[in-house]
> 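Quick one: structure below, then a few questions.
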Amino acid sequence: MIKIEFGNSFVTDAVVDINYVKVVPQTQLPEFIAVNQGENFSISYGMKKKDIVFGLGENVGGMNKRGGIYESFCFDEFNHTPDKKSLYAAHNLIIVDGERKFGLFIDHPGKVRFDVGFTDIDTLEISMENPNFNLYIITGNSLKEIVKKFRKAIGISYIPPKWAFGFQQSRWSYPDMTSITEIADKFRNSQIPCDTIYMDIDYMDNYKNFTIDKAKFPEFSEFVKFIKNKGFRLIPIIDAGCKKEKGYDISDEGIENGYYCLDKDGKPFVGAVWPGHVYFPDFMNSKVRTWFGDKYKILIDQGIEGFWNDMNEPAIFYSEGGIKKAFEKIKSMEGKNIGVDLYFQMKDTMEGISHSIEDYKSFYHNVDGELINHYDLHNLYGYNMTRAAGESFVKNYPDKRILLFSRASYVGMHRYGGIWTGDNKSWWEHLLLNIKMMPSINMLGFLYSGADVGGFGCDASAELVIRWTQFGVFTPLLRNHTTLGTRAQEPFAFDVESTDIFRSAINLRYALIPYIYSEFMKAAKESECYFKSLAYEFSDDISRRVEDQVLVGDSVMLAPIYTPNTFSRNVWMPEDMLLWKVGDYTDFNYSLHPKGHHFIDIELDEIPLFIRKNKILVIGNHSHNIDSIDQSEITVIAYVQDLATYRLYNDDGVTTNYMNGDYTELDITIKIQEDSKPQVLTNLSENSIIKKINYLIVNSKGQLFKL
Ligand code: MIG
């Protein structure tokens with residue numbers, strides 16, 4: 001990977017391992033990349049007809065980004081419609097996969113625009129308002145190799161505790177002890193596994209970060225224990241903005257120490273979010289990160305073990321200055337005959353007060369004594385909020401894994417936490433968007449990620465939540481979440497039959513933990529992806545164009561259903577495959593299919609799971625939560641033509657001891673010669689937690705061997 005510096009770029013700390021980077025002068029820019037110094041600074045590449053363009057992480061559009069314009073500008077975008085150009089993240093990695101294969105990472109904290117053959121069908125043009133940036137060029141023989149090189153340079157992905165791979169339930173909000181307890185009991189009574197319950201903004205005292213509303217939770221730490229005894233962990237939300245209020249320690253301390261962002265006059269910048277007026281911590285300042293990060297301890301001391309960081313683009317409903325101007329404008333219209341022009345002006349004035357560029361340009365960060373305008377560093381804000389928490393966890397609790405994920409992100413934040421994909425809607429289109437986004441997000445190292453299952457905005461039908469959950473079974477972060485005032489969408493919120501289907505799907509998730517966790521951990525350690533597009537592993541022309549199937553780890557392919565009233569679909573099998581339509585996971589049924597196009601029936605209660613040729617899937621048992629799973633028995637499910645091997649990784653799931661070699665690797669080898677019985681070999685040791693291994697091995701003739 002080579003690095004070329006343009007102008008004087010801000011140090012983002014996205015790339016951390018310089019061993020993988022060679023700095024070269026601009027004169028060594030490869031001849032296929034052109035630099036254009038127009039009104040906006042841009043670089044461009046002439047795409048070939050067959051080039052596929054992957055990347056951009058969390059954004060709209062497909063896996064192949066060709067034909068669209070995308071912008072990196074972290075934004076509180078609650079309407080993920082196809083006309084949008086950005087969501088909450090700035091993931092400036094783009095990979096051209098054609099005869100020439102290379103990746104470009106534009107390390108730049110301001111707005112970056114990617115025109116991927118929209119304006120001119122064959123031109124990839126990347127432009128910036130500000131010409132100070134570092135360009136990284138990554139070459140390799142395959143998409144996989146390019147991603148791996150890039151990932152090595154940006155550092156190892158965040159590792160959550162194992163219980164964070166359980167099913168998680170959220171809504172805005174379960175506001176108090178009664179509602180949370182009720183949800184916990186409903187999970188247990190309906191015998192649906194679940195590990196966590198989320199606390200959205202209403203748990204706080206007047207939306208003040210790190211406080212608890214005493215009326216709703218008189219004895220908070222007792223309540224945390226009470227819920228934990230039922231087998232659940234509580235996960236509170238933390239917002240970026242801190243309430244401006246004399247006497248609130250976080251407000252006061254921040255002001256006394258100059259920890260908040262400043263306006264042009266050097267006074268603390270005041271915006272508004274939930275509690276009305278707020279200050280924004282200056283996360284670009286390392287002292288502020290330490291200060292804010294250590295505040296999480298207040299909740300950790302009360303028994304909390306995980307957090308989600310929200311509104312950190314940052315979202316600003318309005319600023320003091322912005323709303324003043326808006327009122328003046330509206331007042332000036334009062335009494336006038338409001339026709340088309342004024343009508344739209346009035347509407348735009350009110351809508352324009354939120355997340356306005358003018359506001360983003362009106363405050364400053366103190367970076368080592370130098371004041372830098374927020375707009376120029378905008379995309380680093382959420383990243384550094386999550387970094388604040390992540391760094392403080394490592395410092396204060398070096399042995400413990402704490403769950404952490406964020407809404408906004410930039411490249412490099414994957415070292416500190418995961419991401420969820422923000423405010424989607426209960427639309428089928430957003431289930432498909434989720435499927436397409438997962439491989440892209442993984443390329444950036446955000447392995448611990450997922451969408452709001454069932455959709456955040458709007459009311460959801462049982463069928464949508466079922467199909468979404470059936471895909472979510474495979475996303476590391478599996479959380480059902482919805483907004484204020486929508487129809488209940490927990491797995492027990494619909495009819496009895498739906499509840500049964502949810503139970504089977506979620507039971508499968510828990511049974512799959514050995515595989516999911518093993519593949520996740522190996523992906524993190526080896527700078528690999530957990531979710532992959534087919535193009536990642538297969539180079540045939542059809543695999544390269546498939547947009548609605550994904551690979552999960554090394555052994556599994558998915559072809560989810562993502563449209564209503566749909567009970568069959570086309571599936572491209574890039575090689576011979578075994579299909580297991582999973583209803584009840586204890587019932588192994590299967591069919592073999594040769595490489596090619598297939599039209600497959602899939603009932604509402606079935607999850608189609610494809611096992612690749614000469615690959616192995618390992619499952620265990622479900623339980624009501626991760627901690628209580630009996631790990632002594634596993635079942636190896638394999639489709640073997642001649643030879644299959646698998647390495648099952650495991651560790652204690654809660655400490656960081658795995659970093660010092662405290663983990664286990666079970667090697668499984670299965671050999672089949674002609675029609676004979678499979679030969680099985682493992683390195684299982686006597687002191688292993690696993691005491692019994694069952695085998696379900698299918699050979700190329702479709703014969704099943706149960707050993
Ligand atoms: O804009 O805290 O994306 O998950 O429920 C609303 C309330 C603010 C946005 C988050 C969403 C959360 C909600 N928050």
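In listed order, ligands and their atoms are each counted from 1.
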> Can you find a side-chain donor-acceptor pair between Ser86 and Asn59 that sits under 3.5 Å?
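Not at all, the side chains of Ser86 and Asn59 share no donor-acceptor pair under 3.5 Å.
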> Can Arg479 and Asp452 be counted as an ion pair, charged N to O under 4.0 angstrom?
yes
> Please output the side-chain donor-acceptor pairs of residues 216-226 that fall under 3.5 Å, not counting sequence neighbours, one pair per line with the distance.
from   : atom 1 : to     : atom 2 : distance (Å)
Lys216 : NZ     : Asp202 : O      : 2.7

> Under the rule for ring-ring contact (aromatic ring centres under 6.0 Å, His included), what residues qualify as partners of Phe471, not counting sequence neighbours?
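Here the qualifying residues are Phe531.
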> Quick one: ring-ring contact (aromatic ring centres under 6.0 Å, His included) partners of Trp172, sequence neighbours excluded?
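With sequence neighbours excluded, Trp172 shows a ring-ring contact (aromatic ring centres under 6.0 Å, His included) to Trp274, given in chain and number order.
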> Give a table of atom pairs where an N or O of ligand 1 lies under 3.5 Å from a protein N or O.
from     : atom 1 : to     : atom 2 : distance (Å)
ligand 1 : 2 (O)  : Asp200 : OD1    : 2.6
ligand 1 : 3 (O)  : Arg407 : NH1    : 3.0
ligand 1 : 3 (O)  : Asp423 : OD1    : 2.4
ligand 1 : 4 (O)  : His481 : NE2    : 2.9
ligand 1 : 5 (O)  : Asp200 : OD2    : 2.5
ligand 1 : 5 (O)  : His481 : NE2    : 2.9
ligand 1 : 14 (N) : Asp310 : OD2    : 2.8

> Testing Asn384, Asp107, Asp13 for side-chain hydrogen bond (donor to acceptor under 3.5 Å, both in side chains) with Tyr410, which one passes?
Asp107
